Amino acid sequence: MPEGHTLHRLAAEYRQLFGGEPVRVSSPQGPFAAAARRLDNQALTSTEAHGKHLFLGFAAVGWIHVHLGLYGKVRFGDGPAPAPVGQLRLRIATDDHYADLRGPTTCELISEVEKKAVHQRLGPDPLRPDHTGDAAWQRISRSGTTVAALLMDQKVLSGVGNIYRAEVLFRQGLDPRMPGRSLSRAQWDGIWADLTVLMRDGVRDGWIDTVRPEHMPQAMGRAAREDAHGGEVYVYRRAHQPCLVCGHPVSTETHAGRNLFWCPACQPPG
DNA sequence: TGCGCATGCCGAG
DNA sequence: TCGGCCTGCGCAA
């Protein structure tokens, strides 16, 4: 489930399992093998996430920059790592733990300067305490692009994917197709504040759960509501099903190549 | 068993 | 705006 909360969880888990100590680094297949040899037996000194980007810092060498894309996954395990199976891009291991990275869009060794350049092309991240929504507002308030597209533009705002986009706009009662420039400052502040809450919950829980208790269907047990994305949501992938608040069927359309979901009654135009 | 789709992103046109 | 891509899942056949 690679939206921003996933990467912040990964940064914390890599830090917890491997931080401060020398680690074995290997890349059994693929173009990262030479870089892995340079990192092998170096200490992992820091980890951080910005939006959907993960950075693993080795002070003596540089940073591993990871982007999971749509398919990438990290699996952590206890004990000595088993023999690698299949396409394994990056393994970090000690005698006690291992972490296997598969299928990422990006896994590269970069310098401090290159890392800065990545940060500079990303918008503020609601999960980073040192970020505010101001820079995003500067872009959004002057744009004729839809709010739906702006929220997914990582140069404007980082860490929000299709689920958080759909859910925050529902919770704020905003039509996803309204242009950024017709959003009020108060509405933007509401989006940013709500994203901060929702995404922090996502980091804490490991899944995206956005439905307020008063809207939770009584009949739904925990097992039943944990579907492909993990938690319970208002509109994401609930096309044609009744809105949990008003009962109107949830709408869907392809918008800029991605599936968009909203309730036309709770999120009216204008 | 194989198909289509998916929470992302890029480059070509 | 579209196709492509590194994977994994649910579903139909």
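Here the structure is a predicted model, which is why all the values come from computation and not from measurement. In what follows, chains are A, B, ... by sequence order, proteins preceding strands, each numbered from 1.
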Side-chain donor-acceptor contacts of residues 242-260 of chain A below 3.5 Å, not counting sequence neighbours, with atom names and distances?
unit_1, atom_1, unit_2, atom_2, d
A:Thr252, OG1, A:Leu260, O, 3.0
A:His255, NE2, A:Thr146, OG1, 2.7

Handout entry: Residues within residues 103-110 of chain A bordering DNA chain C, heavy-atom distance below 4.0 Å
Key = A:Gly103, A:Pro104, A:Thr105
Handout entry: Sole residue of A:His8, A:Arg9, A:His50 in side-chain contact (heavy atoms from CB on, under 4.5 Å) with A:Leu127
Key = A:His8
Practice task
Establish, with yes or no, whether the OP1 or OP2 oxygen of B:dC9 is under 4.0 angstrom from a side-chain nitrogen or oxygen of A:His67.
Solution key: yes
Handout entry: Carboxylate-amine/guanidinium proximity below 4.0 Å for A:Arg204 and A:Asp201
Key = yes
Handout entry: Rounded distance in Å - CG (A:Leu70) to C1' (B:dC9)
Key = 9 Å
Handout entry: Side chains of A:His65 and A:Glu114 in contact at under 4.5 Å (non-hydrogen atoms)
Key = no
Problem - Ring-face cation of A:Arg171 near A:Tyr234 (centre distance under 6.0 Å, axis angle within 45°) - result: no
Practice task
Please state how far atom CG in A:Asp205 lies from atom C1' in B:dT7, giving the value in whole angstrom units.
Solution key: 17 Å
Exercise for the section: Look at the side chain of A:Arg128 and the backbone N and O of A:Pro124, then say whether any donor-acceptor pair between them is shorter than 3.5 Å. Expected result: no
Problem - d(CZ, A:Arg102; P, C:dC5) in whole Å - result: 21 Å
Handout entry: Separation of C:dG8 C1' from A:Asp100 CG (nearest whole Å)
Key = 16 Å
Exercise for the section: Mind listing the closest non-hydrogen atom pair of A:Val160 and A:Glu3 along with its distance? Expected result: C-OE1, 4.0 Å
Exercise for the section: For nucleotides C:dA13 and B:dC5, find the distance between their P atoms and express it as a whole number of Å. Expected result: 14 Å
Practice task
Ignoring backbone atoms, test whether A:Lys73 places a side-chain nitrogen or oxygen under 4.0 Å from the OP1 or OP2 oxygen of C:dG8.
Solution key: no
Exercise for the section: Taking atom C1' in both B:dT1 and C:dC6, compute the distance separating them and give it to the nearest angstrom. Expected result: 22 Å
Handout entry: Residues touching DNA chain B, which here means a heavy atom under 4.0 Å, drawn from residues 143-158 of chain A
Key = A:Met152, A:Gln154
Handout entry: Separation of atom CZ in A:Arg165 from atom P in B:dG8, rounded to whole Å
Key = 9 Å
Exercise for the section: Starting at atom NE2 of A:His53, determine the distance to atom C1' of B:dC10, rounded to an integer number of angstrom. Expected result: 12 Å
Practice task
Please report, rounded to the nearest Å, how far the C1' atom of B:dG8 is from the OH atom of A:Tyr71.
Solution key: 9 Å
Practice task
Please measure how far the P atom in B:dC3 lies from the corresponding atom in C:dG4, and state the result in whole Å.
Solution key: 16 Å
Practice task
Ignoring backbone atoms, test whether A:Arg89 places a side-chain nitrogen or oxygen under 4.0 Å from the OP1 or OP2 oxygen of C:dC6.
Solution key: no
Handout entry: Main-chain N/O of A:Ala148 paired to A:Arg165 side chain as donor or acceptor, under 3.5 Å
Key = yes
Completion exercise
To the nearest 0.5 Å, atom CH2 of A:Trp137 lies from atom CH2 of A:Trp188 at 9.0 Å
Problem - Whole-Å P distance, B:dG13 and C:dC5 - result: 15 Å
Practice task
Indicate, with a heavy-atom threshold strictly under 4.0 Å, whether A:Gly257 touches base, sugar-phosphate, or nothing.
Solution key: nothing
Practice task
Indicate yes or no: at least one non-hydrogen side-chain atom of A:Phe261 is less than 4.5 angstrom from one of A:Arg237.
Solution key: yes
Handout entry: Integer-rounded Å distance: C:dT7 P and A:Leu88 CG
Key = 11 Å
Handout entry: B:dC5 OP1/OP2 closer than 4.0 Å to side-chain N/O of A:Asn259
Key = no
